[in-house]
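Index from 1, following the sequence. The model shown is predicted, which means the values in this text are computed figures rather than measured ones.
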Amino acid sequence: MNVLVTAGPTREPIDPVRFISNRSTGKMGFAVAQAAAEAGHSVTLIAGPVSLPTPPGVRRVDVTTALEMLAAVERELPACEIYVSAAAVADWRPETCAPTKLKKNVMDGVLRLVPNPDILKTIRPLKGARRFVGFAAETGEPTAEATRKLREKGLDLIVANDVTTPGAGFAVETNRVTLFFPDGRREALPLLSKHEVAQRLIECLQSL
């Protein structure tokens with residue numbers, strides 16, 4: 001199958017020096033891309049700005065902003081049968097990006113923001129027979145938010161975790177997740193390496 005994966009954060013520029021972003025390192029998404037390639041699938045990985053090597057056998061597309069990631073997803077989606085949205089896309093971006101560095105003594109302390117598009121919601125009308133997978137990184141019990149996102153975004157599966165749990169946050173090699181399915185089923189996985197989590201996710205997708 002042809003698998004499309006997004007991974008990592010996006011950066012939303014304030015000026016040529018500063019940007020809005022988040023703590024995502026891309027490790028979970030890259031692990032998914034690697035596991036899919038190891039399972040024999042054709043994989044395209046759309047990566048935000050991260051310092052990770054491309055997994056063997058994976059075609060990589062680098063982007064920076066949420067709008068660039070959306071454009072890349074829309075371009076690559078027609079050729080894929082599975083889309084795994086593991087990227088931590090910034091919810092907001094500055095209304096304008098200054099062409100030169102903003103000097104501290106002239107900044108007024110107010111940064112006007114506009115919402116970024118929700119990529120999964122935007123491409124939902126294009127889903128067709130494709131399988132869509134989302135991720136929900138929460139602080140606290142993730143069930144309610146995972147269930148909401150599963151329903152509102154028309155997903156076939158969502159992978160949720162509490163990033164405050166030891167070993168399950170950012171910039172670590174492990175994760176503790178729960179898989180939520182549209183029929184109400186859920187599967188809580190123990191603390192595993194991110195590669196093992198990715199392998200389990202690919203196995204689930206192959207069995208759907």
Using the side chain to side chain donor-acceptor pair (under 3.5 Å) criterion, which residues pair with [X]? Sequence neighbours excluded.
X: Arg11; value: none
X: Lys121; value: none
X: Thr122; value: none
X: Thr10; value: Glu12

List the steps and the verdict of side chain to side chain contact (heavy atoms under 4.5 Å, CB included) for Leu205 and Val84. CA-CA 10 Å; Leu205 287 170; Val84 181; 4.1 Å; yes
Taking all non-hydrogen atoms of both residues, which atom of [X] and which atom of [Y] are closest, and how far apart?
X: Ala90; Y: Ala66; answer: O-CB, 4.4 Å
X: Val73; Y: Ile46; answer: N-CD1, 3.7 Å
X: Ala98; Y: Pro16; answer: O-CD, 3.3 Å
X: Asp15; Y: Leu102; answer: OD2-N, 3.0 Å
X: Pro94; Y: Ile14; answer: CG-CG1, 3.7 Å
X: Ala7; Y: Leu45; answer: CB-CD1, 3.8 Å

Is there a side chain to side chain contact (heavy atoms under 4.5 Å, CB included) between Val133 and Leu155 once you walk through the steps? CA-CA 6 Å; Val133 180; Leu155 303 178; over 6 Å; no
Starting from [Y], can I reach [X] by hopping between I/L/V/M/F/W/Y residues whose side chains sit under 4.5 Å apart?
X: Leu150; Y: Leu201; result: no
X: Val3; Y: Leu179; result: yes
X: Leu208; Y: Leu189; result: yes
X: Ile82; Y: Leu4; result: no
X: Ile119; Y: Leu126; result: yes

Could you state the interatomic distance from [atom1] ([X]) to [atom2] ([Y]), rounded to the nearest 0.5 Å?
X: Leu77; Y: Asn2; atom1: CG; atom2: CG; answer: 11.0 Å
X: Ile158; Y: Arg148; atom1: CD1; atom2: CZ; answer: 8.5 Å
X: Arg186; Y: Leu157; atom1: CZ; atom2: CG; answer: 13.0 Å
X: Phe180; Y: Thr147; atom1: CZ; atom2: OG1; answer: 5.5 Å

Restricting to side-chain contact (heavy atoms from CB on, under 4.5 Å), what partner residues turn up for [X], sequence neighbours left out?
X: Leu52; answer: Lys27, Phe30, Val50
X: Ala87; answer: Thr6, Met69, Val89
X: Ala71; answer: none
X: Val106; answer: Lys103

Would you kindly say whether His41 and Gln206 are connected by a side-chain donor-acceptor distance under 3.5 Å? yes
Residue pair [X] / [Y], side-chain heavy-atom distance below 4.5 Å:
X: Val172; Y: Thr25; result: no
X: Pro142; Y: Asn161; result: no
X: Val58; Y: Val5; result: no

If we ignore hydrogens and angles and just use 3.5 Å, is the side chain of [X] paired with the main-chain N or O of [Y] as donor and acceptor?
X: Arg176; Y: Gly167; value: no
X: Asn22; Y: Ala88; value: yes
X: Asp162; Y: Glu141; value: no
X: Arg93; Y: Pro115; value: yes

Set out, in order, the CA-CA distance, both residues' side-chain angles and the distance that settles side chain to side chain contact (heavy atoms under 4.5 Å, CB included) for Met28 and Val177, then state yes or no. CA-CA 11 Å; Met28 190 66 250; Val177 307; 5.6 Å; no
Pick from Leu192, Val197, Leu191: which one makes a side-chain contact (heavy atoms from CB on, under 4.5 Å) with Thr174? Leu191
Partners meeting ring pair (Phe, Tyr, Trp, His ring centres under 6.0 Å) with Phe132 (sequence neighbours left out): Tyr83
Residue list, ring pair (Phe, Tyr, Trp, His ring centres under 6.0 Å) with Phe135, at least two apart or on another chain: none
Rest of the hydrophobic cluster containing Phe170 (Ile/Leu/Val/Met/Phe/Trp/Tyr, side-chain heavy atoms under 4.5 Å)? Val163
Is the closest basic N to carboxylate O distance between Asp118 and Lys149 below 4.0 Å? no
Residues Thr44, Cys80; criterion side chain to side chain contact (heavy atoms under 4.5 Å, CB included); working and verdict: CA-CA 9 Å; Thr44 297; Cys80 86; over 6 Å; no
Would you mind telling me which of Arg130, Arg124, Arg131, Lys127 makes a salt bridge (Lys or Arg N to Asp or Glu O under 4.0 Å) with Asp156? Lys127
Enumerate the residue pairs fulfilling side chain to side chain donor-acceptor pair (under 3.5 Å) with a member in residues 190-199, sequence neighbours excluded, ordered by first and then second residue. Glu38-His195, Ser193-Glu196
